[in-house]
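Here the structure comes first, spelled out in structure tokens, and everything after it is commentary.
All values reported here derive from a predicted model rather than from experimental measurement.
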Amino acid sequence: MNGVPLAAYLALGLFMFTTGVVGVIIRRNPIVIFMCVELMLNAVNLTFLAFARYQFASPVAISAENGDITGQAVMGGQAMVVFVMAVAAAEVAVGLGIIMAIFRLRKEIDIDDMNLLKG
Amino acid sequence: MIPVTPELMILGAVASLAAAAAVGVVAFNNAVRSALCLVLNFFVLAFVYFTLNAEMLGIMQIIVYTGAIMVLFLFVIMLLNLGAPQLLRDKDDPKVFAGISLGVALFALLGSQLLPSFLKVTTPNAPKDFGAPANLGRALFTNYVIPFEAVSVLLLVGVVGSILLAKRKI
């Protein structure tokens, strides 16, 4: 959209990221902590897309010569977002499996009580 | 000062809804409510992607995140019966204060250092159809084909790993 500063998108991304950080620190339910990690991943995705759309380093608008822009660096941000989404899906599947396994073992899910690795 | 254009007002409304939903994820004590707030956040974020002309990724956001990942979350919450807000919270937890002050400090630091430089960038330079499915697909299958295949292997490993973890007896 014209007339929207890039800072608006970055501010939303920054807010979502900090909310996710705070959630990871203060919440004690491992599933909610997982959701906060997803929130952070989405904030990063939004930042990637905003930078990819604005391309503020290029002085003039990038034009599509003969209709093919895929060879240019313009698509890098979007490709990255696709990969982040796929990695997030794999991470959620494995992570929720781990949480299920822990819950089956211990019957309680307070993350502060899971300190078996403490030295 | 930035001129307040109609586009900025629309984005402001959508973005404030997304931000409120993000706060709801952290603030609600009930895991189901947190998950529903996260669904709302992801859904609204898809519209923010649409305003960036990334149509394909907005649709993917709705399908993958709100469709698949959040269903998985809600499924596990229901399976473990975590809906009831069990006493996972004692009032005088020092982590809450420390975490919130750290978050405010992080937001203030990054925001004050980074955001003013980007206030003047108001014209998107990428072509309008850079988010079209055809363009994204062609890029994924030409320049980014090796990471694409690596991600497919990762997803396969994820499938095998989650089955391994969830099965009681192998």
Single-linkage hydrophobic cluster, 4.5 Å side-chain cutoff, A:V81 and A:V87 together: no

Test item: A:Y9 and B:L11 side chains (from C-beta on) under 4.5 Å apart, heavy atoms: yes

Contact check, side chains of A:T18 and B:L102, non-hydrogen atoms, under 4.5 Å: no

Any donor-acceptor N or O pair under 3.5 Å, side chains A:Y54, B:T122: no

Nearest non-hydrogen partners of A:V22 and B:G99, listed with the distance: CG2-O, 3.5 Å

Atom group of B:L110 that falls short of 4.5 Å from chain A, counting heavy atoms: both

Interface residue of largest heavy-atom contact number with chain A, from B:T5, B:L57, B:V25, under 4.5 Å: B:L57

Pick from A:A101, A:A11, A:A8 with the largest number of heavy-atom pairs that fall under 4.5 Å of chain B: A:A11

Contacting region of A:E91 [heavy-atom separation from chain B under 4.5 Å]: neither

ILVMFWY network linking A:V92 to B:V71, side-chain heavy atoms under 4.5 angstrom: no

Region of B:L45 in contact with chain A, defined by heavy-atom distances below 4.5 Å: side chain

Check against side chain to side chain donor-acceptor pair (under 3.5 Å), B:Q61 and A:N42: CA-CA 9 Å; B:Q61 168 87 7; A:N42 271 277; 2.9 Å; yes

Residue part contacting chain B, namely of A:V94, when any heavy atom lies under 4.5 Å: both

ILVMFWY cluster, A:V32 and A:I102 together (side-chain gap under 4.5 Å): no

Structural part of B:A19 lying under 4.5 Å from a heavy atom of chain A: both

Short side-chain to backbone donor-acceptor contact, A:R27 and B:V26, under 3.5 Å: yes

Shortest non-hydrogen contact from B:A126 toward A:A52: CB-O, 3.6 Å

Greatest number of heavy atom pairs closer than 4.5 Å to chain A - which of B:V159, B:V157, B:V104, B:L154: B:L154

Exercise: identify the closest heavy-atom pair between A:R104 and B:L165: NH1-O, 4.2 Å

Derivation of the side chain to side chain contact (heavy atoms under 4.5 Å, CB included) call for A:R53 and B:T51: CA-CA 10 Å; A:R53 172 78 174 122; B:T51 69; over 6 Å; no

Centroid separation A:F51 to B:F118 less than 6.0 Å: yes

Side-chain touch A:M16/B:N41, heavy atoms, less than 4.5 angstrom: yes

Verdict with supporting geometry, B:Y49 and A:L46, side chain to side chain contact (heavy atoms under 4.5 Å, CB included): CA-CA 7 Å; B:Y49 289 178; A:L46 176 64; 3.8 Å; yes

B:F75, part contacting chain A, at a heavy-atom distance under 4.5 Å: neither

Any B:P124 side-chain heavy atom under 4.5 Å of A:V4 side chain: no

B:V151 versus chain A, the contacting section by heavy-atom distance below 4.5 Å: side chain

Options B:V64, B:L140, B:V4, ranked by heavy-atom pairs under 4.5 Å with chain A, top entry: B:L140

Partner chain B: residue of A:V21, A:N45, A:I99 with the largest heavy-atom pair count (under 4.5 Å): A:N45

Smallest separation among heavy atoms of B:A15 and A:L12, with atom names: O-CD1, 3.6 Å

Residue among B:V23, B:L119, B:L156, B:L114 with most heavy-atom pairs under 4.5 Å to chain A: B:L119

Region of A:A88 in contact with chain B, defined by heavy-atom distances below 4.5 Å: both

Heavy-atom closest contact (B:Y144 atom, A:M75 atom, distance): OH-C, 4.1 Å

B:L72 portion near chain A, given a 4.5 angstrom heavy-atom threshold: both

Chain A contact via B:Y65 - side chain, backbone, both or neither, heavy atoms under 4.5 Å: side chain

B:F43 atom CZ, over 12 foreign heavy atoms within 6.0 Å: no

Toward chain A, the part of B:A35 with a non-hydrogen atom under 4.5 Å: both

Chain B contact via A:L14 - side chain, backbone, both or neither, heavy atoms under 4.5 Å: both

Criterion side chain to side chain contact (heavy atoms under 4.5 Å, CB included) on A:R28 and B:K95, from CA distance to verdict: CA-CA 10 Å; A:R28 307 171 69 189; B:K95 272 193 320 183; 4.0 Å; yes

Trace of the side chain to side chain contact (heavy atoms under 4.5 Å, CB included) decision for A:T19 with B:F107: CA-CA 9 Å; A:T19 314; B:F107 186 84; over 6 Å; no

Nearest heavy-atom neighbours spanning A:Q55 and B:N125: O-ND2, 3.3 Å

